[in-house]
Amino acid sequence: MGGQEDEANRELLSTIRHDHPKMKAFYNGPSRAAAELRKRYGPKYPTFWRDVLTWTGAAAAGGDGGGAGAGAGAGNSADGAGGNADKGEDDKGDGMAWRHVRKAYLRYTEGGGKEEEERLEEQRKLEEERIMAEERARVESQLALASGAGGAGGDEGE
């Protein structure tokens, strides 16, 4: 191994260690982006940063999602290899699961994903309020017509 390769590996390990708590929170969070990742890589992000090194995302095939027991040999198990067979060539246990999650995390946090989801949620709420207001106005109008017709006939009799 060359000096540059060693340095690149140290930087990668440092990044994985540093970003682990934030990426774990993102992955296990409520965003649509995280939900899509969980469908692909399993229900839980690895518990410890060292587990990320061997995480294959094979949890979707029946594992625990990378918690305890997903450490050094979990990616090499027969279940792990079989679990990745239908996921494509990019999920081979070579760190690609982490790389894909990191890309999504960066896109979400730095590329406006979070703000976009919040904006869409706000639009959904405003649309829901508008529909409710229209429905309320329609019901009030019907009640007014009903009480006006009944009230007009009742006033004439007095």
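Values in this document were obtained by computation on a predicted structure and should not be read as measured data.
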Determine yes or no for a side-chain-to-main-chain donor-acceptor pair under 3.5 angstrom, with [X] supplying the side chain and [Y] the backbone.
X     : Y     : value
Arg40 : Ala97 : no
Thr15 : Glu11 : yes
Ser14 : Arg10 : no

Run the numbers on Trp49 and Asp19 for side-chain contact (heavy atoms from CB on, under 4.5 Å), then give the verdict.
-> CA-CA 9 Å; Trp49 73 266; Asp19 289 352; over 6 Å; no

Are any non-hydrogen side-chain atoms of [X] and [Y] less than 4.5 angstrom apart?
X     : Y      : value
Val52 : Val101 : no
Leu37 : Phe26  : yes
Tyr41 : His100 : yes

Measure the [atom1]-[atom2] distance between [X] and [Y] for me, rounded to the nearest 0.5 Å.
X      : Y      : atom1 : atom2 : result
Lys22  : Arg102 : NZ    : CZ    : 8.0 Å
Ile131 : Glu128 : CD1   : CD    : 7.5 Å
Thr47  : Lys24  : OG1   : NZ    : 4.5 Å
Arg17  : Leu12  : CZ    : CG    : 12.5 Å

Just grab all the ring pair (Phe, Tyr, Trp, His ring centres under 6.0 Å) pairs involving residues 126-147, residues at least two apart or on different chains.
->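 Pairs touching residues 126-147 that pass the test: none.
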
Asp51 and Pro46: which non-hydrogen atoms are nearest, and at how many Å?
-> CB-CB, 3.7 Å

Identify the heavy atoms of Gly29 and Ala34 that sit nearest to each other, and give their distance.
-> O-CB, 3.8 Å

Between Tyr27 and Tyr45, what is the ring plane arrangement, given parallel below 30°, perpendicular above 60°, and tilted in between?
->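 Tyr27 vs Tyr45 ring planes: tilted.
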
Between Glu134 and Arg130, is there a side-chain N and carboxylate O pair less than 4.0 Å apart?
->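 Answer for the salt bridge query: yes.
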
Cationic N near anionic O, under 4.0 Å, Lys125 to Glu129 |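 The answer is no: the pair does not qualify as a salt bridge.
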
Residue pair Arg124, Glu127: steps toward the salt bridge (Lys or Arg N to Asp or Glu O under 4.0 Å) verdict = CA-CA 5 Å; Arg124 187 193 62 75; Glu127 180 66 11; over 6 Å; no

